[in-house]
Amino acid sequence: MATDTLFVIGLMMVVSLTWALLALPRLRKRLPKIYLIARSWWLMLAALCACYVIAKITDNSQPSQPPTYPYQWLLIAFFVLIGLRGSYEIKRLWCLRNKAVLIHKLQARGLQANTQPFSQTSPHSPQAYTRLNLLDLLFSFAFITLIVSLIALQQLIWQREQYGVLFFVLYASQFNDIAQYLCGRLLGHKLFKRGLASTISPNKSIEGALFGSMLAALLATLLGIWLTPFSWWICLLAAYGLAVSGIAGDLLESAFKRQHGVKDTGTMLAGHGGVLDRVDSLLIGVPLFTLFYWLLG
């Protein structure tokens, strides 16, 4: 069995077991938010893994020809759907009436903090849409570039039959989110009094960014050695680059949200927020990795 298939099976087993444990009445009552996060993780991973496994099905009807992948479109469609949902979340924040509805929904669920936008815009303004500025355009361009890069990366990976590279890239960034959170909780503001970017994301600490990115790079390197054909030092460089760029992407999305006065871009993914809240760490790293992967291939 291929290593990437083993990884998919093992990943779904771990996430399913975690969700099942947190679904126990006692734990669910004590950790309701963690339960929602685990449930959302399971749903997202189930959709991604299902599309991935089906996309790998080959057509060997002509033995003399290289195998084809007739279901590749399913994984492409998955990325396109993410792009459409994310674009809707961006457009919703540009429309004053829709943004007011979102803020009301977040407040009703206890998810909206007192987030002061950089440029105050009243939801009762007679204008239908906010005036777009450089940050809006930059964030929108970064998100569109991410979706195009994911599709291009998937095509390159299938051509080179290096399937584990996709999971390496995605989970190097996700390791970074978790490692930053853990290191921030343990070491936050013990070495540096100021935060990483207090005006944009007050909860992020320099300690979490420094030590979290290192820890994430080490974990992702181990995964990369197993899943990819790369040498250990290439895995380490790529993983650390994805971790650092993940911090930059996270801050970019935080600035975008703060400008519009929202804590989350949506409520679709319970415990996470919107689609944009989940893919923010991929905004810069995936396009850069795709470019280097294409150039070095």
Side-chain angles (χ1 to χ4, degrees), residues 32-45 47-48 78-147 150 173-174 177 180-181 197-204 246-284 286:
K33 185 175 181 179
I34 303 299
Y35 166 78
L36 292 175
I37 291 174
R39 185 182 69 180
S40 296
W41 264 116
W42 190 93
L43 293 172
M44 289 186 293
L45 291 175
L48 173 62
F78 179 77
F79 294 139
V80 170
L81 287 176
I82 291 176
L84 292 175
R85 176 64 192 188
S87 299
Y88 165 75
E89 292 177 4
I90 293 173
K91 182 178 179 295
R92 179 168 56 183
L93 292 179
W94 291 346
C95 179
L96 297 180
R97 180 175 298 178
N98 291 342
K99 181 165 69 173
V101 172
L102 172 64
I103 293 175
H104 178 73
K105 186 183 296 186
L106 292 172
Q107 290 173 338
R109 300 191 182 190
L111 301 175
Q112 180 66 12
N114 294 323
T115 305
Q116 296 297 325
F118 294 147
S119 57
Q120 294 282 355
T121 305
S122 172
H124 304 292
S125 170
Q127 297 178 350
Y129 291 89
T130 59
R131 180 177 296 177
L132 304 185
N133 56 28
L134 180 60
L135 181 58
D136 288 308
L137 297 176
L138 179 61
F139 181 79
S140 302
F141 175 76
F143 180 70
I144 294 172
T145 304
L146 168 63
I147 300 303
L150 284 171
S173 301
Q174 300 308 307
D177 287 345
Q180 274 193 76
Y181 173 79
S198 55
T199 59
I200 298 176
S201 187
N203 294 327
K204 287 183 173 56
I247 297 172
D250 194 352
L251 292 176
L252 175 62
E253 200 233 1
S254 294
F256 174 74
K257 290 189 296 184
R258 183 167 288 272
Q259 173 182 255
H260 288 281
V262 296
K263 189 175 184 296
D264 295 322
T265 60
T267 57
M268 180 180 180
L269 303 173
H272 295 274
V275 166
L276 297 177
D277 297 305
R278 189 61 269 152
V279 302
D280 54 358
S281 60
L282 306 175
L283 285 173
I284 299 175
V286 169

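In this chain, numbering begins with 1 at the start of the sequence shown.
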Heavy atoms, side chains only, cut-off 4.5 Å: are Tyr88 and Arg85 in contact?
-> yes
From Leu146 CG over to Ile82 CD1, what is the distance, rounded to the nearest 0.5 angstrom?
-> 8.0 Å
To the nearest 0.5 angstrom, please state how far the NZ atom of Lys263 sits from the CD atom of Gln107.
-> 13.0 Å
For Ile284 and Ala248, the nearest pair of non-hydrogen atoms, with its separation, is CD1-CB, 3.7 Å
Taking the side chain as every heavy atom from C-beta outward, state whether Arg39 and Leu36 have any atom pair closer than 4.5 Å.
-> yes
Only counting residues at least two apart or in another chain, list the ones meeting side-chain contact (heavy atoms from CB on, under 4.5 Å) with Thr265.
-> Glu89, Leu93, Glu253, Lys257, Leu276, Asp277
Minimal heavy-atom distance between Ser87 and Gly83, with the atoms involved, is OG-O, 2.7 Å
When rounded to the nearest 0.5 angstrom, what is the spacing between NE2 in His272 and NZ in Lys33?
-> 10.0 Å
What closest approach, in Å, do Gly261 and Ile103 show between heavy atoms, and which atom pair accounts for it?
-> O-CD1, 4.1 Å
So, for Ala270 and Ser40, which heavy atoms are closest and what is the spacing to 0.1 Å?
-> O-OG, 2.6 Å
Quick one: CG on Leu43 to CG on Leu48, what's the gap to the nearest 0.5 Å?
-> 12.5 Å
Least distance between heavy atoms, Leu150 atom then Val286 atom = CD2-CG1, 3.8 Å
Inter-residue atom distance Asp280.CG - Ile247.CD1, 0.5 Å rounding = 11.5 Å
Would you list the atom pairs, donor with acceptor, under 3.5 Å between side chains in residues 134-144 and any protein atom, with sequence neighbours excluded?
unit_1 : atom_1 : unit_2 : atom_2 : d
Asp136 : OD1    : Trp94  : NE1    : 3.4
Asp136 : OD1    : Gln259 : NE2    : 3.2
Asp136 : OD1    : His260 : NE2    : 2.8
Asp136 : OD2    : Asn133 : N      : 3.3
Asp136 : OD2    : Gln259 : NE2    : 3.4
Ser140 : OG     : Asp136 : O      : 2.8

CE of Met44 to CD of Gln174: how many Å apart, nearest 0.5 Å?
-> 7.5 Å
